[in-house]
Engineer: 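One structure coming up, written as structure tokens, with questions to follow.
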2 protein chains.
Amino acid sequence: MLKVPVFPDSAPMPPSPSAQALHPAGKRTGRADPDSARCLMCKVREYNLCSSIEDHDVTVLAQATRQISLPPGTAVIEEGTPASAFFNVINGTVKLFKSLPDGRRQITGFADAGQFVGLSNSRTYSFGAETVSTVLLCRCTHTQIENLLAEYPGFARHLLSAVTHELADAQEQMLLLGRKTAKEKVASFLLDRIKQYHRTHPHDPDAETTASVPMTRVDIADYLGLTIETVSRTISTLRRDKIISGTENHCIRILSLPNLQDIAYGLKSI
Amino acid sequence: MLKVPVFPDSAPMPPSPSAQALHPAGKRTGRADPDSARCLMCKVREYNLCSSIEDHDVTVLAQATRQISLPPGTAVIEEGTPASAFFNVINGTVKLFKSLPDGRRQITGFADAGQFVGLSNSRTYSFGAETVSTVLLCRCTHTQIENLLAEYPGFARHLLSAVTHELADAQEQMLLLGRKTAKEKVASFLLDRIKQYHRTHPHDPDAETTASVPMTRVDIADYLGLTIETVSRTISTLRRDKIISGTENHCIRILSLPNLQDIAYGLKSI
DNA sequence: TTCCAGCCTTGATTTAGATCAAATCCCAGT
DNA sequence: ACTGGGATTTGATCTAAATCAAGGCTGGAA
């Protein structure tokens, strides 16, 4: 297993005056303090869980969270350690994974800007999380999440909806892992990356034909249940078949979306 | 794809006087009517979602649900159809799956007594569900689920917790599908079936060494991302190696749990 | 009881993808 | 610009599991 730098639980954070506990219920203020300004200006708030808390209650949110920036390849969550925090991804990409004792690893998903990481039922995390790129996170303790859940029913509903969505994604990924060929797996992965690029760059005119692939071949292989050689060969084949072009800068251009979709769903026999 | 009998949305149900809408908030009664007796006597209520609704509110639950019994091999949910209902499994086993256009299928999980089926975020079901054995279900419309969620905060929390647990299971299954060998997959599956037997037969002295396997080889193969031949050969090998015994009556006896666990987690090199 | 149709098992052969083995690319740091 | 080390690509070979192909078992219907 690879040794990676670990983000310490007590890492340096932007100073914040008085926010260990949640703002008490009833005592709400619309006044802008430095923290709530951070949330009000947040680029992903309208897309993520925080959207279930109104502007005038944003101080609660701001005081319950801390922003942290982490370099690529930093562990955010270590498999099996006590589950104490929850993270919103503000910028960048985080990978989630599970490992076998001998080091075999399965990446169960990538969390991009607007998504969250770290929900756990049990006392310890059953999965690990590590940054793929430079990542900006909002950290929140489970205790504070509990408080938000108790105080804002909309938050619980929003979280339920988000987890239900993640479960549907996981089921789709099980279909991929169990029943798709290498070519179908890579095509499906690229389609997901196009969707992701579209979500995070809604105004880019090239959003329909661009896939952002910040992760290495090792990560892609561990996500698709393949080896790096097979991933590389398959991408080369797609390039040769003029379905995609360019791998530079971790950015792939799609030349034929319909063909890619047909391949992903097994409609293309080749 | 296999043709299976479909459970019609308007199937015969136990007659019930007046329960299309949820019992209005505030109007609660502890009086026993035939419906609430069904819920009060329910064998799985203490284990499933309904446990978040107290005895004195059980009429609400009883009037929101209908019990249905279905024979083996009946479709409960058809992939892609409008998502309108939610089911609690009272008895028996239901399989959940996703399919590819050419008929390849991945079973994403089995729902046994006490578990639920049919949660969906989108307008249509992204998965199918079919009975494995004779199954007793409690059916509830999504509208009624919405009402329960709005009225009972504990219900939302319970559901969130259950879905989070399912997500963790799904991640474990992704590790299996993407990175385990055939032998490790089968051993992991048997361990899951032992746990399930233990849950549903807590007082059976043989619960530690018994696995209930009501599903066919086709279902096991579609769950593990293998072929029926590989599943059959692998089970034969485990029997030959004296790690399990007996396949009769869909009941497998475990001779060496530690060995099975070592195999499942890749600690046994053979 | 016999028969039949689905299951399940076992054997022989094939193959998709893994593994082993070099190059080559691509920057980040000097 | 130069350099070194990781990331990627490509080629040759191997193998776990798939596919193809019989048989055998079992439990319900006649």
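Chain naming here is simple, since letters A, B, ... match the order of the sequence lines and numbering starts at 1 in each.
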Engineer: Once you round it to whole Å, what is the distance between P of C/dT10 and CG of B/L238?
Structural biologist: 12 Å

Engineer: Can you check the B/K180 NZ to D/dA17 P distance for me, whole Å?
Structural biologist: 13 Å

Engineer: Check this one for me: any side-chain N or O of B/S236 less than 4.0 Å away from OP1 or OP2 of C/dT10?
Structural biologist: yes

Engineer: For B/F127 together with B/F97, are the ring centres under 6.0 Å from each other?
Structural biologist: no

Engineer: Starting from C1' on C/dT9, measure out to CD1 on B/I252 and report it in whole angstrom.
Structural biologist: 14 Å

Engineer: Which of these nucleotides, D/dT10, C/dG17, C/dT9, is closest to any side-chain atom of A/R233?
Structural biologist: D/dT10

Engineer: Check this for me, if you would: do B/R104 and B/D222 make a salt bridge, where the nitrogen-to-carboxylate-oxygen distance has to be below 4.0 angstrom?
Structural biologist: no

Engineer: For A/E229 and for A/A182, find the nucleotide of DNA chain C with the closest heavy atom, then tell me which residue's nucleotide is more 5'.
Structural biologist: A/A182

Engineer: Given D/dT9, is OP1 or OP2 found less than 4.0 Å from the side-chain N or O atoms of A/R217?
Structural biologist: yes

Engineer: Roughly, in whole Å, what's the span from CG in A/L176 to P in C/dG17?
Structural biologist: 12 Å

Engineer: Map A/M215 and A/R179 onto DNA chain D by nearest heavy atom, then report which one ends up closer to the 5' terminus.
Structural biologist: A/M215

Engineer: D/dA7 C1' sits how many Å from A/D222 CG, rounded?
Structural biologist: 15 Å

Engineer: Nearest-Å distance, CZ (B/R240) to P (C/dT9)?
Structural biologist: 11 Å

Engineer: Reckon B/T227 touches a base, only the sugar-phosphate, or nothing at all at heavy-atom distances under 4.0 Å?
Structural biologist: base

Engineer: Answer yes when A/E172 and B/K98 have at least one side-chain N-carboxylate O distance shorter than 4.0 Å, and no when they do not.
Structural biologist: yes

Engineer: Report the distance from atom NE2 of B/H250 to atom P of D/dT26, rounded to the nearest whole Å.
Structural biologist: 12 Å

Engineer: With heavy atoms under 4.0 Å as the rule, sort B/I235 into base, sugar-phosphate or nothing.
Structural biologist: nothing

Engineer: Give the intermediate values and the outcome of side chain to side chain donor-acceptor pair (under 3.5 Å) for residues A/E79 and A/S99.
Structural biologist: CA-CA 8 Å; A/E79 233 170 325; A/S99 307; 3.1 Å; yes

Engineer: Given D/dA18, is OP1 or OP2 found less than 4.0 Å from the side-chain N or O atoms of B/T230?
Structural biologist: yes

Engineer: Give the rounded distance in Å between these two atoms: CD1 of B/I228 and C1' of D/dA22.
Structural biologist: 13 Å

Engineer: Are B/F86 and B/F116 an aromatic pair, judged by ring center distance below 6.0 Å?
Structural biologist: yes

Engineer: Would you classify B/T216 as touching base, sugar-phosphate or nothing, given that sugar-phosphate means primed atoms plus P, OP1 and OP2, and contacts are heavy atoms under 4.0 Å?
Structural biologist: sugar-phosphate

